[in-house]
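Taking it in order: structure first as structure tokens, then the write-up.
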Amino acid sequence: MKVGIFGGSFNPPHLGHLNSMQIVLKKLGLSKIHMVPAYQNPLKLKTEGPAPEQRLEMSKLAVSSWGSQFEVNDIEIRRGGKSFTIDTIKEFRKSIEAEDLYLIVGMDKWEELEAWKDLKGLLTEANLIVTSRPGFDFPESVESLPPTIKSLVEEFDFNFIELKTGRNIQFVKLNDLEISGTELRKHLRNGKNVEKYIPLGVESYIKANKLYRNLGDRIGDYLKFTEFCSQKLFEKKAIQVKAFDLRKMSAPSEFTIVASGTSTRHTASLAENLMMSVKEEYGLYPQSIEGVDEGRWVVVDYGSLIVHVFYDFIRQEYSIENLWKEGIDLQVKDPTLEK
Ligand code: ATP
């Protein structure tokens, strides 16, 4: 009995996920796939959105009409905290042999695997199935493999890698669907129709529970919010903080802030501190945050306010303020300098 484990945020579950599970099940002759929603992805910062229990519920709705070969497992939600796949695999190993266990991930996660906890252990306790994803190519040589995987290769045969651990890695080509949770969340917030991409039951659940709404209602006065965020950036020694009212322009947000850090580390910590201050004062996380790992250009999205925090050296390259020439400069000032 070959068993698949398909982990993810499933925020929300979509047809890309279902397509992948269905094809892998068939192509590899698995008898079952467990869909395992994570409580908290250790490599992602918290963002606004459904509670873990709601993602679990949506996952159940997504597979409800698909028969008993697809099952949703709440092991990571029950465990709480950071969801490390190795812990989950070890639980499954109590009843399933390593050679029969298949961890399924999309090719977009391939490079990231190196940062996963105990990757070697993972590749000892289970086989790995990597599915195609638009924009990501399968590796073509041993040299191009992530270091830990490279060190474990026994035999490399393009779509099949035999590992020294006794397990293997297989690459499976899907009829790719260009869908991602990130894009769908954006569509949902903007009130766009997503029925083509999301199972019906999930869509109804999202509507009934008013999930993925814009943050507007909770933030209220965005001008005040923009000033609040600017002050928080000044307090943490951000430089060149500028805020613009873009309501007279056609821009992706009504307000924007651009600020700089003096190093990549300072830049990332400015964004993280901002998130914490907003959480404290307004009780919410951003809709999305990108670029914190590198700390070169971090974008924190609060809906009608988008905050760009740059490593100053990188900011010079983009001259991003030129985009907002038609906006109103709110002339935000560092309160500590006024004293
Ligand atoms: P996000 O955009 O929020 O990161 P996501 O849509 O990539 O979300 P996850 O829940 O993070 O979805 O992914 C769960 C698993 O599903 C991952 O292994 C991912 O690679 C895979 N996956 C996600 N979307 C697709 C897709 N369209 N086709 C194939 N696999 C996918």
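For clarity, every value in this text was computed on a predicted model and none was experimentally measured. Note that ligands are numbered from 1 as they come in the structure, with each ligand's atoms numbered from 1 the same way.
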Is there at least one pair of N or O atoms, one from [X] and one from ligand 1, spaced under 3.5 Å apart?
X: G8; value: no
X: S20; value: no
X: V105; value: no
X: I104; value: no
X: M107; value: no
X: I179; value: yes
X: T131; value: no
X: H14; value: yes

Cationic N near anionic O, under 4.0 Å, [X] to [Y]:
X: K173; Y: D176; answer: yes
X: K2; Y: D100; answer: no
X: K186; Y: E183; answer: yes
X: R93; Y: E125; answer: yes
X: K32; Y: E71; answer: yes

Practice item. Would you mind finding which of K44, R133, M35, M21 brings a heavy atom closest to atom 23 (C) of ligand 1? Key: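 Among K44, R133, M35, M21, the closest heavy atom to atom 23 (C) of ligand 1 comes from R133.
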
Practice item. Show your working on side-chain hydrogen bond (donor to acceptor under 3.5 Å, both in side chains) between Q40 and S83 and close with a plain yes or no. Key: CA-CA 6 Å; Q40 169 67 37; S83 306; over 6 Å; no

Go through ligand 1 atom by atom and flag the ones less than 4.0 Å from a non-hydrogen atom of [X].
X: G7; value: 14 (C), 15 (C)
X: R185; value: 3 (O)
X: L174; value: 29 (C)

Practice item. Let me see the working for D74 and Y39 under side-chain hydrogen bond (donor to acceptor under 3.5 Å, both in side chains), right down to the final yes or no. Key: CA-CA 9 Å; D74 64 356; Y39 184 82; over 6 Å; no

Practice item. Output the distance between atom CD1 (I206) and atom CD (Q54), rounded to the nearest 0.5 Å. Key: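 Between atom CD1 of I206 and atom CD of Q54 there are 10.0 Å.
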
Practice item. Could you establish whether D108 and ligand 1 come within less than 4.0 Å of each other, counting only heavy atoms on the residue side? Key: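 Checking ligand 1 against D108, which is what was asked, there is a heavy-atom contact under 4.0 Å.
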
Check your understanding: Is there a heavy atom of P13 sitting under 4.0 angstrom from any atom of ligand 1?
Key ->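 P13: no contact with ligand 1 (<4.0 Å).
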
Point to revise | Test log, rule side-chain hydrogen bond (donor to acceptor under 3.5 Å, both in side chains), inputs R315 and S260 | key: CA-CA 7 Å; R315 176 168 169 181; S260 298; 2.8 Å; yes

